[in-house]
Amino acid sequence: AMEKSYVSVFLLLMAISCALAKDVGKKDSKDTAAKPKLPQTLSRGWGDQLIWTQTYEEALFRAKHSQKPLMIIHHLEDCPHSQALKKVFAEHKDIQKLAEKFILLNLVYETTDKNLAPDGQYVPRILFIDPSLTVRADITGRYSNRLYAYEPSDISLLYSNMQKALKLLKTEL
């Protein structure tokens, strides 16, 4: 039970520091005539104009009810590989456009669902789930030891895997 209370204290501190940061930011924005920025909390920089779900449970619910596939990105803020992939993902115009057809979730923590770690809990890793809530373990990257890992140089493979996840949908439903 000790761990749980640590977590809630940490989250509370995070919420407080975010709230303080927001107030500070408001004062500055009056001076600059920049267009208002959307809150980037859920995107974590993977595509600030995209709609991101907050939790795995919400993402599953929305995938099922919208009949859209779900794309889950596992990453860590302090992992250089995650950061490098995030940068090319966010700057890739075609990927950002295609991502609108997905329910989107990026996670900096592991879920209890073992299906999201078919070959281990490494980051970055990207998995697709269809609206029947089946993990598409068949949509893989190019590394045999980490099937769902992508490097920045694999961005076009990731793009075609996103297309594949959408195509499978049309043929099966």
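Since we're looking at a predicted model, the values are computed, not measured.
- Under the 4.5 Å side-chain heavy-atom criterion for Ile, Leu, Val, Met, Phe, Trp and Tyr, Leu107 and Ile73 are members of distinct hydrophobic clusters.
- No donor-acceptor pair under 3.5 Å is formed between the side chain of Gln121 and the backbone N or O of Ala117.
- Connection of Leu98 to Leu50 is established within a shared hydrophobic cluster, with ILVMFWY side chains joined at heavy-atom distances below 4.5 Å, either directly or through further cluster members.
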Next on the checklist: As a quick check of understanding, evaluate side chain to side chain contact (heavy atoms under 4.5 Å, CB included) for Gln83 and Lys86, giving each step before the final call.
Outcome noted: CA-CA 5 Å; Gln83 291 300 323; Lys86 178 197 292 193; 4.0 Å; yes
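- The CD1 atom of Ile129 sits 12.0 Å away from atom CZ of Phe102, with the distance rounded to the nearest 0.5 Å.
- Put simply, the side chain of Asn106 gets close to the backbone of Leu42: a donor and an acceptor are under 3.5 Å apart.
- By the 6.0 Å contact criterion, CD on Glu77 is enclosed, its count of non-hydrogen atoms from other residues, nucleotides or ligands being greater than 12.
- Between His75 and Trp46, the ring planes are perpendicular. Angles over 60° get that label, and only those under 30° would be called parallel.
- Within a 6.0 Å radius of NE2 in His81, no more than 12 heavy atoms belonging to other residues, nucleotides or ligands are found.
- The CG atom of Asp94 lies 12.0 Å from the OG atom of Ser160; values are rounded to the nearest 0.5 Å.
- The structure places OG1 of Thr55 at 7.5 Å from CG of Leu105, a figure rounded to the nearest 0.5 Å.
- Taking both residues in full, the closest heavy atoms of Gln54 and Tyr109 are given as O-OH, 4.2 Å, listed atom of the first, atom of the second, then distance.
- Heavy atoms only, all atoms of each residue included: Lys68 and Pro131 are closest at O-CG, 3.5 Å.
- Below 30°, between 30° and 60°, or above 60°: for Trp52 and Phe89 the angle between ring planes is between 30° and 60°, a tilted geometry.
- Note on Leu147 and Ile72: same hydrophobic cluster, where clusters join Ile, Leu, Val, Met, Phe, Trp and Tyr whose side-chain heavy atoms are under 4.5 Å apart, directly or indirectly.
- Put simply, CD1 on Ile126 and OH on Tyr150 are 6.0 Å apart, with the number rounded to the nearest 0.5 Å.
- Atom OG of Ser153 sits about 6.5 Å away from atom CZ of Arg142, to the nearest 0.5 Å.
- Contact detail for Ala59 and Thr53: the closest heavy-atom pair is CB-OG1, 3.4 Å.
- Considering CG of Leu70 and CG of Leu104, their distance stands at 8.0 Å, rounded to 0.5 Å.
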Item to check | Intermediate values then yes/no, salt bridge (charged side-chain N to carboxylate O under 4.0 Å, His left out), Arg125 and Glu110 | outcome: CA-CA 11 Å; Arg125 77 178 190 280; Glu110 292 291 339; 2.8 Å; yes
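- Two different hydrophobic clusters hold Leu166 and Leu127 under the rule that ILVMFWY side chains link at heavy-atom gaps under 4.5 Å.
- Ser66 contributes a side-chain N or O that, together with a main-chain N or O of Arg62, makes up a donor-acceptor pair within less than 3.5 Å.
- A continuous path of hydrophobic side-chain contacts links Ile103 to Val108 [ILVMFWY only; heavy atoms under 4.5 Å].
- At distances below 3.5 Å, at least one donor-acceptor pair connects side-chain atoms of Tyr122 with backbone N or O atoms of Tyr148.
- Within a 6.0 Å sphere centred on CG of Leu157, heavy atoms belonging to other residues, nucleotides or ligands number more than 12.
- Within 6.0 Å of atom OH in Tyr143, more than 12 heavy atoms from other residues, nucleotides or ligands are found, so the atom counts as buried in its surroundings.
- Not a single donor-acceptor pair under 3.5 Å links the side chain of Asn115 to the backbone N or O of Val135.
- The closest side-chain donor-acceptor pair between Asp113 and Tyr56 falls under 3.5 angstrom.
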Next on the checklist: Before you tell me yes or no, could you show the steps for Leu158 and Val88 under side chain to side chain contact (heavy atoms under 4.5 Å, CB included), namely the whole-Å CA-CA distance, both residues' side-chain angles and the distance that decides it to 0.1 Å?
Outcome noted: CA-CA 11 Å; Leu158 177 56; Val88 296; over 6 Å; no
